[in-house]
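As a basis for the values below, the full set of heavy atoms in this structure was taken, side chains included, without hydrogen atoms, waters or symmetry mates.
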Amino acid sequence: MSGALHPEVFGDWCEYGVGVKVRAYDLERFRPTQDERKDLPKGYTFFRFKVTVENVGSEALTVDIRRADVRVGRDGLTALPVFSATDRIEDVNLYPLRRATGVYAFCCRPAHARLIDAQIDIRADGDRLENADWTGQLGAARKTPATKGQGDFLASGVVEGVHEWLLERAREGGRHIAEEDPHAAREKGIGDPYVARTSRGVRWGLADVNALTAGELAAAVGIGEEAAQRVVSARELLGGSFDDVDQVFRFTSLSDEERAAVEERAVALPPEL
């Protein structure tokens with residue numbers, strides 16, 4: 001247990017007794033690129049914040065902040081993670097008096113975008129520390145003029161087509177690895193939508209239905225938050241994991257469109273022992 005106080009305000013430091021200080025700050029709206037907003041709902045507000053970890057102890061630590069559970073609005077609705085705009089702190093070897101910083105991006109309906117509450121999952125040397133909450137309000141969006149010529153749009157269309165082809169190839173290869181060797185799949189980041197580790201630098205484009213939160217599933221698979229929550233609820237009723245993707249369909253009520261998205265973008269890796 002830590003001596004962390006809850007909740008913090010964005011910008012505050014939170015100190016733990018194991019020699020770790022954590023700060024969430026620079027909460028701001030941003031305008032995503034076409035790739036960053038791909039498969040996410042249209043009309044949503046995009047925002048991000050930084051998280052810095054400092055080792056204030058006398059020995060090196062391995063620090064990991066892979067997840068942030070972000071809630072928005074007075075009712076605490078789930079914000080959807082924007083994987084391609086997120087740069088996580090992941091297994092960083094942090095020496096004394098050194099810092100590491102990550103960027104965590106999310107989106108939500110504009111009506112809920114003002115009040116933001118972020119709960120950070122912090123691990124030091126593999127041990128999970130007590131979560132800390134940061135609360136804040138988003139300011140007005142910054143106006144940044146952007147213009148594109150016709151040639152830019154044509155070029156972006158060609159690039160997008162090539163990207164789609166590479167992504168489909170990556171998904172096919174990722175599914176094959178997941179079926180043959182789940183441990184190797186996990187090592188390569190298959191099923192983790194934040195990871196881009198193919199030889200061509202393309203994201204695997206697959207989401208592990210046994211490991212992700214409802215918000216992460218909704219964003220990664222491209223289904224609504226309610227459908228993603230039904231998947232997670234079914235997973236919990238089955239003891240915490242699905243045997244395969246087909247089992248998702250047997251125990252979860254999904255529309256034809258939602259089923260197609262799950263079939264295209266989901267894998268079911270066995271839980272880590």
*asked:* Pro96 and side-chain contact (heavy atoms from CB on, under 4.5 Å): which single residue from Val56, Asn55, Leu61 fits?
replied: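 The side-chain contact (heavy atoms from CB on, under 4.5 Å) with Pro96 is passed solely by Asn55 among Val56, Asn55, Leu61.
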
Does the Asp69 side chain pair with the main chain of Gln119, one donor and one acceptor, at a distance under 3.5 Å?
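Pair absent, no side-chain N/O of Asp69 close to backbone of Gln119.
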
Within the distance-only criterion (no hydrogens, no angle test), does the side chain of Asp192 pair as donor or acceptor with the backbone N or O of Gly189 below 3.5 angstrom?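 No; judged by distance alone, with no hydrogens or angles, the pair does not exist.
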
What's the verdict on side chain to side chain donor-acceptor pair (under 3.5 Å) for Arg71 and Thr78, showing C-alpha distance, side-chain angles and the deciding distance?
CA-CA 5 Å; Arg71 305 283 170 166; Thr78 300; 2.8 Å; yes

Got [X] and [Y] here, is their nearest side-chain heavy-atom distance under 4.5 Å?
X	Y	value
Val248	Val231	yes
Leu138	Leu27	yes
His176	Glu172	no
Phe242	Arg235	yes
Phe251	Leu237	no
Ile177	Lys188	yes
Val20	Glu54	no
Phe47	Ile116	yes

### Task
List, by chain and number, the other hydrophobic cluster members for Tyr25, where Ile, Leu, Val, Met, Phe, Trp and Tyr join if side-chain heavy atoms come within less than 4.5 Å, directly or indirectly.
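Hydrophobic cluster check, Tyr25: no partners found.
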
Residues clustering with Leu97 (ILVMFWY side chains joined when closer than 4.5 Å, directly or via others)
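Noted: Leu97 shares its cluster with no other residue.
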
Do [X] and [Y] share a hydrophobic cluster (ILVMFWY, side-chain heavy atoms under 4.5 Å, transitive)?
X	Y	result
Leu129	Leu94	yes
Leu77	Leu212	no
Val63	Tyr16	yes
Leu217	Leu80	no
Tyr194	Leu40	no

Euclidean distance, [Y] [atom2] relative to [X] [atom1], rounded to 0.5 Å:
X	Y	atom1	atom2	result
Asn93	Thr62	CG	OG1	5.0 Å
Arg186	Leu269	CZ	CG	5.0 Å
Trp134	Ile120	CH2	CD1	6.0 Å

**Prompt:** For atom CZ of Arg98, is the number of surrounding heavy atoms from other residues, nucleotides or ligands below 6.0 Å larger than 12?
**Reply:**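 Open: at most 12 neighbouring heavy atoms sit under 6.0 Å from CZ of Arg98.
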
Considering all heavy atoms, the nearest [X]-[Y] contact:
X	Y	answer
Ala100	Val92	CB-CG1, 4.0 Å
Pro271	Ser241	CG-CB, 3.5 Å
Gly215	Pro81	O-CD, 3.3 Å
Val70	Ala118	CG2-CB, 3.9 Å
Ala60	Asp125	O-OD2, 4.3 Å

Discussion item. So, using side-chain hydrogen bond (donor to acceptor under 3.5 Å, both in side chains) as the criterion, who are the partners of Arg66 when residues are at least two apart?
Written reply: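 If we apply the side-chain hydrogen bond (donor to acceptor under 3.5 Å, both in side chains) test to Arg66, skipping adjacent residues, the hits are Asp64, Asp91.
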
Item to complete: Tell me, please, which residues at least two apart from Arg23 pass side-chain hydrogen bond (donor to acceptor under 3.5 Å, both in side chains).
Response: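 Residues passing side-chain hydrogen bond (donor to acceptor under 3.5 Å, both in side chains) with Arg23: none at all.
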
Could you pull out all residues at least two apart from [X] that satisfy side-chain contact (heavy atoms from CB on, under 4.5 Å)?
X	result
Asp26	Lys50
Ala266	Val209, Val245, Val262
Thr33	Asp35, Glu36
Gln137	Arg114, Leu115

Hey, is Arg171 close enough to Glu264 for a salt bridge, meaning N to O under 4.0 Å?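 Yes, charged N to carboxylate O under 4.0 Å.
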
- Show your working on side chain to side chain contact (heavy atoms under 4.5 Å, CB included) between Phe249 and Leu254 and close with a plain yes or no. CA-CA 7 Å; Phe249 302 139; Leu254 298 172; 4.2 Å; yes

For residues Arg67 and Thr213, is any side-chain donor paired with an opposing acceptor at under 3.5 Å?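 No - no donor-acceptor pair under 3.5 Å links their side chains.
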
Apply salt bridge (Lys or Arg N to Asp or Glu O under 4.0 Å) to Arg37 and list each qualifying residue two or more places apart in sequence or on a separate chain.
->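 If we apply the salt bridge (Lys or Arg N to Asp or Glu O under 4.0 Å) test to Arg37, skipping adjacent residues, there are no hits.
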
- Item | Qualifying residues under salt bridge (Lys or Arg N to Asp or Glu O under 4.0 Å), relative to Arg128, sequence neighbours excluded |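 Once residues adjacent in sequence are excluded, the partners of Arg128 under the salt bridge (Lys or Arg N to Asp or Glu O under 4.0 Å) criterion are Asp121.
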
Show me the donor-acceptor pairs within less than 3.5 Å that the side chains of residues 101-109 make with the rest of the protein, sequence neighbours left out.
| unit_1 | atom_1 | unit_2 | atom_2 | d |
| --- | --- | --- | --- | --- |
| Thr101 | OG1 | Thr52 | OG1 | 2.7 |
| Tyr104 | OH | Ile65 | O | 2.5 |
| Tyr104 | OH | Ile89 | N | 3.1 |

Q: Return each pair, listed once, that meets salt bridge (charged side-chain N to carboxylate O under 4.0 Å, His left out) where at least one residue sits in residues 240-261; pairs must be two or more places apart or across chains.
A: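 Counting only pairs at least two positions apart or across chains, the salt bridge (charged side-chain N to carboxylate O under 4.0 Å, His left out) contacts touching residues 240-261 are Arg230-Glu258.
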
- [ ] Give a yes or no on whether the ring-centroid distance for Phe49 and Phe10 is below 6.0 angstrom.
- [x]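 Ring-ring flag for Phe49/Phe10: true, centres closer than 6.0 Å.
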
Please test Glu8 against Trp13 for side chain to side chain contact (heavy atoms under 4.5 Å, CB included), starting from the C-alpha separation and ending with a verdict.
CA-CA 8 Å; Glu8 309 289 343; Trp13 285 95; over 6 Å; no

